[in-house]
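There's a structure below that I have some questions on.
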Amino acid sequence: MEGPSLLILKEQVKTFKRRKVCKASGTVTKIEPKMLVGERIVDFKTWGKHFLIVFKSFSIRIHFLMFGSYRINERKAASPKLQLKLENGEMNLYACSIERIDEDLANVYDWSGDVMNDLWDPAKARRKIRKRPDVTVSDILLDQNIFAGVGNIIKNEVLFRIRVHPETSVGSLPPRKLTALIGEARNYSFDFYRWKKVFELSKNWLIYTKRKCPECKGPVTKRYTGLTRRRSFVCERCQMFYD
DNA sequence: CCGGTTGTTCAGCG
DNA sequence: GCGCTGAACAACCG
């Protein structure tokens, strides 16, 4: 689950804000669900792929990883990692990682590193990238310390949109291409968000899982790129290799 | 029905 | 102590 999906979740639970937890249960082991009972939800926040339930003196961090899912005021067959019953509804979280954060969130998260946050700072991202010229664009986009919220789908679509090959090292990018990469990481994330809300995300993929390039109609090749070895779909003709 | 994956952490190694 | 690799986990789709 990539960053934009968490913004959608945040909207779906906003009616639970300022509500108290009436019941809490689940198979989670890192926290004791019962400790949440009686606590009032102060806010919901996201940082990249982290979904944060903020209580008065602590927060709960949810990470959905690859297979996590949720239901709001609905359930599915599987037993939830965490189920919260509020005064006005319920939230069911499945197959996710759940941790308690006792520190002040301001000391844990740098909001300017989240591509979808109002405080996103592209110049700061650029400075971080400049320090690691040998890293591939594939790996740099997936680096949560630089582009929190970007996942493998966003990576693929951003690289096609700016016509850069996934195996290009960031140091060899012309300055304008680097600007485009940073800009499109945020820009495509918002397109992802808008399309996902209307169930048209996959319909709008240009390169991800595609077999034919939408531009030149040539073949799309599948590679496992960078140190992360994540899937990359690439048009070898349109996504020029700068090196 | 099996293979693959919108992701991350950690053990084990040299 | 480091950087690197691969395993582990998980659930659903095609």
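All chains are named by letter (A, B, ...) in the order of the sequence lines, taking the proteins before the strands, and each is independently numbered beginning at 1.
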**Q.** Residue that, paired with A/E215, satisfies salt bridge (Lys or Arg N to Asp or Glu O under 4.0 Å) out of A/R163, A/R237, A/R161
**A.** A/R163
Q. Minimum heavy-atom separation for A/K49 to A/M1, with atom names?
A. CG-O, 3.6 Å
**Q.** Gap between atoms CZ and P, on A/R229 and B/dT5 respectively (whole Å)
**A.** 14 Å
Q: Decide whether a cation-pi geometry holds between A/R194 and A/F190; the criteria are a distance under 6.0 Å from NZ or CZ to the six-membered ring centre and an angle within 45° of the ring axis.
A: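 Relative to the ring axis of A/F190, which defines the angle, A/R194 lies outside at least one limit.
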Q) For A/L7 and B/dT6, what is the distance between atoms CG and C1' respectively, to the nearest whole Å? A)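 So the two atoms are 16 Å apart, to the nearest Å.
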Q) Within the structure shown, what part of the strands sits under 4.0 Å from A/K222 by heavy-atom distance: base, sugar-phosphate, or nothing? A) sugar-phosphate
**Q.** Identity of whatever pairs with C/dA10 - Watson-Crick or G-U, under 3.5 angstrom
**A.** none
Q) Using a cut-off of 4.0 Å between protein heavy atoms and nucleotide atoms, how would you tag nucleotides 7-14 of chain B 5' to 3' with B, S and -? A) BS------
Q) Is any side-chain N or O of A/K81 closer than 4.0 Å to OP1 or OP2 of C/dA10? A)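 No, no such contact exists.
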Q. Atom NZ of A/K210 to atom P of B/dT6: distance rounded to whole Å?
A.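 Rounded to the whole Å, the gap is 15 Å.
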Q.
Below the 4.0 Å mark, does C/dA10 have OP1 or OP2 next to a side-chain nitrogen or oxygen of A/Y94?
A.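 Result: no.
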Q.
Pairing donors with acceptors under 3.5 angstrom, does anything connect the side chains of A/E99 and A/H63?
A.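 No, A/H63 and A/E99 have no side-chain donor paired with an acceptor closer than 3.5 Å.
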(Q) Between B/dT6 and C/dT5, how many Å separate the two C1' atoms, rounded to a whole number? (A)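 Going atom to atom, C1' in each nucleotide, I get 23 Å.
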Q) What nucleic acid atoms does A/K155 come within less than 4.0 Å of, heavy atoms only: base, sugar-phosphate, or nothing? A) nothing
Q | Residue list, ring pair (Phe, Tyr, Trp, His ring centres under 6.0 Å) with A/F51, at least two apart or on another chain | A |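 Listed in chain order: A/F44.
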Q. Under the 6.0 Å and 45° cation-pi test, does A/K76 pair with A/Y94?
A. yes
Q | Nearest-Å distance for atom pair CG/C1', residues A/N156 and B/dT6 | A |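 Atom CG in A/N156 sits about 10 Å away from atom C1' in B/dT6.
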Q | Pair partner, B/dT6 [Watson-Crick or wobble, under 3.5 Å] | A |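 Paired with no nucleotide.
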Q: List in chain and number order the residues that pass ring pair (Phe, Tyr, Trp, His ring centres under 6.0 Å) with A/F55, two or more places apart in sequence or in another chain; answer none if no residue qualifies.
A: A/F58
**Q.** Nearest-angstrom distance from the residue atom CD1 of A/I62 to P of C/dA10
**A.**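 Distance, rounded to whole Å: 16 Å.
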(Q) Please report the distance separating the P of C/dA10 from the corresponding atom of B/dC1, rounded so that it comes out in whole Å. (A) 22 Å
